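Written below as structure tokens is the structure these notes are about.
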Amino acid sequence: MSRPDWEEGGFGLYIHWPFCQAKCPYCDFNSHVVAQIDQDRWKRAYLSEVERLAAELPGRTLQSVFFGGGTPSLMAPETVAAVVDSIRKAWPVANDIEITLEANPTSVEAGRFRGYRDAGINRVSMGIQALNDDDLRRLGRLHSVAEARTAFDTARDVFDRVSFDLIYARQHQTVGDWRAELTEALSMAADHLSLYQLTIEPGTAFGDRFANGGLKGLPDDDLGADMYALTQDLCDKAGLPAYEVSNHAGDMAQSRHNLIYWRAGDWGGIGPGAHGRHTIGTQRFATETALSPMEWLLHVEKQGSGESARTEVSPEDQGTEYLMMGLRLAEGIDLARYQRMTGDAFDTTRLKPLIEDGFLEIEGSRLRTTNAGRPLLNAILRDLIV
Amino acid sequence: MTDLSRIRNFSIVAHIDHGKSTLADRLIQLTGTVAERDMQEQILDAMDIERERGITIKANTVRIEYPAQDGETYILNLIDTPGHVDFAYEVSRSMQAVEGSLLVVDATQGVEAQTLANVYQAIDADHEIVPVLNKIDLPAAEPDRVKEQIEDVIGIDAQDAIEISAKTGLGIPDVLEAIVTRLPAPKGDRDAPLKAMLVDSYYDPYLGVVVLIRVIDGVVKKGDRVRMMKTGGTYQIDKLGVFRPKMQDIAELGPGEIGFLTASIKQVRDTRVGDTITHEKKQCQTALPGFKPSQPVVFCGLFPVDTNDFEDLRDAIEKLALNDASFSSEMETSAALGFGFRCGFLGLLHLEVIRDRLEREYDIDLITTAPSVIYHLHMKDGEVVELHNPADMPDQTLIDHVEEPRIKATILVPDEYLGDVLTLCHDRRGEQLDLTYAGTRAMVVYDLPLNEVVFDFYDRLKSVTKGYASFDYQMIGYRADNLVKMQILVNEEPVDALSIMVHRDRAEMRGRAMCEKLKELIPRHMFKIPIQAAIGGRVIARETIAALRKDVTAKCYGGDATRKKKLLEKQKAGKKKMRQFGKVEIPQSAFINALKMDS
């Protein structure tokens, strides 16, 4: 039997910690602000879920664990340690396993960094978001630039690998502002940067203000495109080229965890609202868990599983997901794998005009977006899939 | 069988919202024609669209029994006419079927253009007219001013106008009494051969076609064999009755009476409004005067948004045509829009009503193309060709000249908006025929090309006068003018459904406006899209839609795959609302919205 398809992407675990100290106005992630968190109770629930998934997907080599949120740097280091220990016992782990934790750059959290390292965390991803105090306040962040830089320096000392996030195309931001800010960010010697254009999502505070006409000074599409182009340019020169639409890294510093998603690997989702994809035999499943923290907790405690939905992913949908996710990567997708996955060769009549117009390119069996095509990926996908 | 002296037949003439339906409701209620528990508002308007828009499309009749002050019980027959200009011919037939009219005028608003057109129809039909001032209970009512206006504008005596409030019921008994005392009884000869007018008809799924008739002479009974004198059909009467307003069977109808018959008639098409009904054996000598077959004047293409709905659209159009002889349709193929129908209508309201019904009752999403009128193409070889669709325009070099239909438009407007109205009419190539004042309101009469009116003239008029203008029109004939076909090219390809006929002097302006509009309406694509307006091979206006530069989801991780896939599925559904032209997708709404002029 040939090797299962998911191995092309690898196997990881995503752990969702759903709590934040404050909700940011742009964020549409599953995050909640509560007065008290019973760390011990949450720890037991995570351990129970690790055990459940390990029983279902035994014996695989685990390449990555990612603590996301919410704000996982609000987890007690002991909680993290217990979860990492249980994971290491449940699966054989790769020698170079990547264990990432998302952290806010406040002094309080920086104080826990050593504890996280001792718990087994070897990479942090910091939500710095801006290097400008006015914009940090507008984005509803609880830290200042100075505080963020101090936290970042601590992280650099403590961890082998550090990444941080910035949000650009902010209100009233000019191309010149962004050039200065990104240049400063590139000088900070992170090995990985996630650079996101501000997206106004419905159901967020920004979304409501935008709908009421209250969010002024957002860049138009052309200015957004100029900023995106500048981002590519500056990062290329600094040796951190885009390996994905919004993610930049030097050699060997790419996020192995996120590559599992984009390369259509298998991952288990643990915690409220965590999605998973895993293959059993030849069938690929999409899993979901209860969104509300308390509901998830009770599911785990009462029924022994946080999973609230499990659906089979059809070969056609697998192909669609592979395109959607894989074309985000500079490396693109493997057309031969696409054909194995879906049972059908790719409809090349749809590719032809996009290749002629310079948005896509084929090299051997690989199909990928060009630098011109990547910022238009949604439009490309509409042409390819819809 | 009722004695002629105790029958009164009448119609109600009123502008929309001046209270015609409410007055009819009150007359029906007060005379106990309908039990209180069965009463509903606008009881005569059967269709949802009629009720919602407050308009009547088909004529309705109701027979009311009224014990008058003289101790006699009278039969009052009300014919509720379609008040809109699109149905002017139908109105004229309804008017011929009765002897008098109540002229209802809103005492807070005064006379409107639509009232004028209908009241002139009543005067043409030699009606006795009783003015009624409605909404007299409102503080803004100005009965004396409105009476004066009725006398000035319409030229009838309004001193005995009855002041009422249809809403509260005030004055309704006076109206009933006036119908008996001020309107004439019908005339007719019971012993003469049967002569009855076909007033209107509609399709009933159980009874077949129901025919509204007014008997002039003779007597008609259930079981009689009758003949339609114009269409030539002969039928045996299955059912004879009156509307109260529910159907009630009756043994016979004599002179002066109004009722209905059914005779296993399958299509409304076989019953032409204005036709004369007589006995098959003992025929009357001459048919009633004034019959004319209805002719559509406005045409547009109707295409299903989803090409898979074509068969459903065909079925729906056939069903609607069953009940509407004035609506015509033939299959049309458009390079841009695929299979659809070229449909003809009596006017704009008729077009809207049919389109609404297709969308609402048959649940079909439609693309409506630009409304067009019938042009007369005088070819160089002497032939005259009717052009219903600009896409069918033959080579310009073969055409000697083009004639277009023109209308006489009457607009009543408060004088503060007069300037805007004159500008609008002038911009639409109008020629002023008359301008008079009645109090603070101006009445302007314009000779206008119908093609400048069929699209958004009425909307523009409403908007420049903040809704205070009223408008009516009648066709006055054809006239030659410098008319050309303007094509729109999207990404170098002509889109036939966007072709329009336009006056040469206005072509540049219209072309520019359409290109600018399309630039807003067509979403950005991954490449730039030129939009051009052209006459023959010559480009007269051009815009370019810039290429899309950025459309990508910033964050997309494990949990986002499902959400993103749903978004793509939504886009798939949205794509059905777009039409593909070469590489360009045009939203269906663009076909109509591209024509709207902002000023």
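We name chains A, B, ... by the order of the sequence lines, and we start the count at 1 in each one. None of these values were measured; they are calculated from a predicted model. Only heavy atoms go into these numbers, but all of them, side chains included; no hydrogens, no water, no symmetry mates.
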If you check both backbone and side chains, which donor-acceptor pairs between chain A and chain B fall under 3.5 Å?
residue, atom, partner, partner atom, Å
A:Asp28, OD2, B:Arg563, NH1, 2.9
A:Tyr196, OH, B:Tyr557, OH, 2.5
A:Gln197, OE1, B:Lys550, NZ, 3.1
A:Asp222, O, B:Arg549, NH1, 3.3
A:Asp222, OD1, B:Arg524, NH1, 3.3
A:Asp222, OD2, B:Arg524, NH2, 3.1
A:Asp226, OD1, B:Arg549, NH1, 3.0
A:Asp226, OD1, B:Arg549, NH2, 2.6
A:Ser246, OG, B:Ala554, O, 2.7
A:Asn247, ND2, B:Tyr557, OH, 3.1
A:Trp262, NE1, B:Cys556, O, 2.8
A:Arg277, NH2, B:Thr562, OG1, 3.0
A:Glu321, OE2, B:Lys565, NZ, 2.9
A:Arg328, NH1, B:Thr553, O, 3.0
A:Arg328, NH2, B:Thr553, O, 2.7
A:Arg328, NH2, B:Ala554, O, 3.1
A:Asp357, OD2, B:Lys583, NZ, 3.4
A:Pro375, O, B:Asp551, N, 2.6
A:Leu377, N, B:Asp551, O, 3.3
A:Asn378, N, B:Asp551, O, 2.9
A:Asn378, OD1, B:Thr553, OG1, 3.4
A:Asn378, OD1, B:Lys564, NZ, 3.3
A:Asn378, ND2, B:Asp551, OD1, 3.2
A:Asn378, ND2, B:Thr553, OG1, 3.3
A:Arg382, NH1, B:Asp551, OD2, 3.2
A:Arg382, NH2, B:Asp551, OD2, 2.7

Toward chain B, the part of A:Ala379 with a non-hydrogen atom under 4.5 Å: both
Which bit of A:Ile380 comes within less than 4.5 Å of chain B, counting heavy atoms only: side chain, backbone, both or neither? both
Step by step, would you call B:Cys556 with A:Met325 a side-chain contact (heavy atoms from CB on, under 4.5 Å)? CA-CA 8 Å; B:Cys556 195; A:Met325 303 304 272; 3.6 Å; yes
With sequence neighbours excluded, tell me which residues meet side-chain contact (heavy atoms from CB on, under 4.5 Å) with B:Pro371. B:Val298, B:Leu351, B:Val454, B:Phe455, B:Ile592
Measure A:Phe29 against the heavy atoms of chain B and call it side chain, backbone, both or neither at under 4.5 Å. side chain
Could you walk me through whether B:Leu548 and A:Leu376 pass the side-chain contact (heavy atoms from CB on, under 4.5 Å) test, one step at a time? CA-CA 8 Å; B:Leu548 183 68; A:Leu376 293 168; 3.6 Å; yes
